[in-house]
Protein chains: 2
Amino acid sequence: MNSFTEENYIKAIYKLLESGDETVSTNAIAERMHTRAASVTDMLKKLALKKLINYQRYQGVSLTGKGEKIALSIIRKHRLWEMFLVEKFNFKWDEVHDVAEQLEHIQSDKLIEELDKFLNYPKADPHGDPIPDAKGKLLARKSKSLSQFSVNDVCIMTGVVDHSPAFLQYLDKTGFGLGNEIKIREVVEFDKSLQIVVNKKTFFISSDVAKNILVILK
Amino acid sequence: MNSFTEENYIKAIYKLLESGDETVSTNAIAERMHTRAASVTDMLKKLALKKLINYQRYQGVSLTGKGEKIALSIIRKHRLWEMFLVEKFNFKWDEVHDVAEQLEHIQSDKLIEELDKFLNYPKADPHGDPIPDAKGKLLARKSKSLSQFSVNDVCIMTGVVDHSPAFLQYLDKTGFGLGNEIKIREVVEFDKSLQIVVNKKTFFISSDVAKNILVILK
DNA sequence: ATCAAATTTTAGATTAGCCTAAATTATTTT
DNA sequence: AAAATAATTTAGGCTAATCTAAAATTTGAT
Ligand SMILES: [Mn+2]
Ligand SMILES: [Mn+2]
Ligand SMILES: [Mn+2]
Ligand SMILES: [Mn+2]
């Protein structure tokens, strides 16, 4: 139906729209897809012809209902596969993304239904990202960045912003994972770095790290 | 490394070589790939340049060691995935092929290792076809077609020649499957059709069906 | 050994996805 | 409200994989 490339563009547009803006720019897509703006324009014309995006030249793009459904189905597949790899195949959370990028394009409704069942209908992937249901319904997360909390707040880690292996491995090495209780012991005024307590141990993390850790108040 | 298309050509050449000939023809590849001979010639030039096939124009092709290794790795992945779908995801043996055609191109050594381990290192796929090991070693099967046996021979069904859903569904409906004991009660001289006993029930099968059932003598 | 038929290759196009360079349109600054 | 700058699109090309039609080569039948 749609090529891998088309699927990847649609997903990129969806992700860019997630940050709140009404439309996304050609340049933003180009950067995310590691291509040139001219290539993006070519693809936008094609996707518009297929009624997957709303596009008028120079005006930015958004997804149509049809486009959004496709995006959500790809994201669903990506996250289910990531979950599968971690739960059943001994992958670490920093190893799953690249394989899931390939698996998300496999076409088979039965496969995805069985995958979902096999994993017992998980609500979130190994990074805490919510998994759209079979109908494309996605629960909005209410997590906030750890950097938004204050001294003596006690939070539960629910996700990450940065998904890079480097960041995930840093968290592993330090001993942070989803579900951990994090108590803020001190916020350094100067650089917004934090002193926190996790598993009864004290850690110092930069504001950069704090920004990339998602939590809910306990 | 190699595109999906290149992988599919290599696999096609491998399968055609399996029938015993030293080389395969451009036309044979074209028919198997549902393309035209001219397209095949283009691809053969490319694969020859990559040293995956031995090719001189008008002389037919064979695989180099490198090409054969790639073919076996794709076949290994295909058969492991088919096994996975049947064993873990409730697929029937007539439903797995098309999905495995997609999954066989996923690139991840760890994924295949874990898949193999998860399935407890199976020796054959749901159709009885042997699975190459991680080194690309493939055990030759000694099964023969049921049509080669005679009255009173007792055999065990070990595989199928035709993999089409139609044929597999016919076997399902009739109640034949891998591992079944088949006793030949009569061979009709006129059309080579057979009267056989499976699970204490008597069946009449055409010579065409018999040719497509692989067995070993009990 | 010659000629006809079949096979295979070459020549020349097409489409998807990508590129650079140039032109166009929008936005920001003065 | 111009002018300068930034963003976007168009123009023109490239490669991979495909096609049709024509040419070249091999095979096989007299
Ligand atoms: Mn991911
Ligand atoms: Mn994820
Ligand atoms: Mn198969
Ligand atoms: Mn099989």
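Just so it is clear: chains get the letters A, B, ... in the order the sequence lines come, proteins before strands, and each one is counted from 1. Every value quoted in this text rests on a predicted model; they were computed, and no experiment measured them.
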*Output, in order, the C-alpha distance, side-chain angles, deciding distance and verdict of ring-ring contact (aromatic ring centres under 6.0 Å, His included) for A/F84 and B/F84.*
CA-CA 13 Å; A/F84 174 81; B/F84 174 82; 5.7 Å; yes
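Residue B/T41 has its side chain nearest to C/dT9 when only D/dA7, C/dT9, D/dT9 are considered.
Contact annotation: A/K45 side-chain N/O to D/dT9 OP1/OP2 distance is not under 4.0 Å. OP1 or OP2 of C/dT8 sits under 4.0 Å from a side-chain N or O of B/N27.
Across all strands shown, B/T26 has heavy atoms under 4.0 Å from sugar-phosphate atoms exclusively, and none from any base.
For the segment residues 51-59 of chain A, the set of residues with a heavy atom within less than 4.0 Å of an atom of DNA chain D comprises A/Y55, A/R57, A/Y58, in numerical order.
Cation-pi geometry between B/K45 and B/Y55 is not met: the NZ or CZ atom fails to fall both under 6.0 Å from the ring centre and inside 45° of the normal. Geometrically, B/K88 engages B/F118 in a cation-pi contact defined by less than 6.0 Å to the ring centre and at most 45° from the axis.
Note that CD1 of A/I29 and CD1 of A/I13 are 4.0 Å apart. Values are rounded to the nearest 0.5 Å.
The one candidate from A/K15, A/R141, A/R76 that meets the salt bridge (Lys or Arg N to Asp or Glu O under 4.0 Å) condition with A/D129 is A/R141.
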If you restrict it to nitrogen or oxygen atoms, what contacts under 3.5 Å exist between nucleotides 18-20 of chain C and the protein, and what is each distance?
unit_1	atom_1	unit_2	atom_2	d
C/dC18	OP2	A/Y9	OH	3.2
C/dC18	N4	A/D42	OD2	3.1
C/dC19	OP2	A/R36	N	3.0
C/dC19	OP2	A/S39	OG	2.6
C/dT20	OP2	A/R36	NE	3.4

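Legend: residues meeting side-chain contact (heavy atoms from CB on, under 4.5 Å) with A/K192, ordered by chain and number and at least two apart, are A/E189, A/S207.
Ring centers of A/H78 and A/H97: under 6.0 Å apart, within the cut-off.
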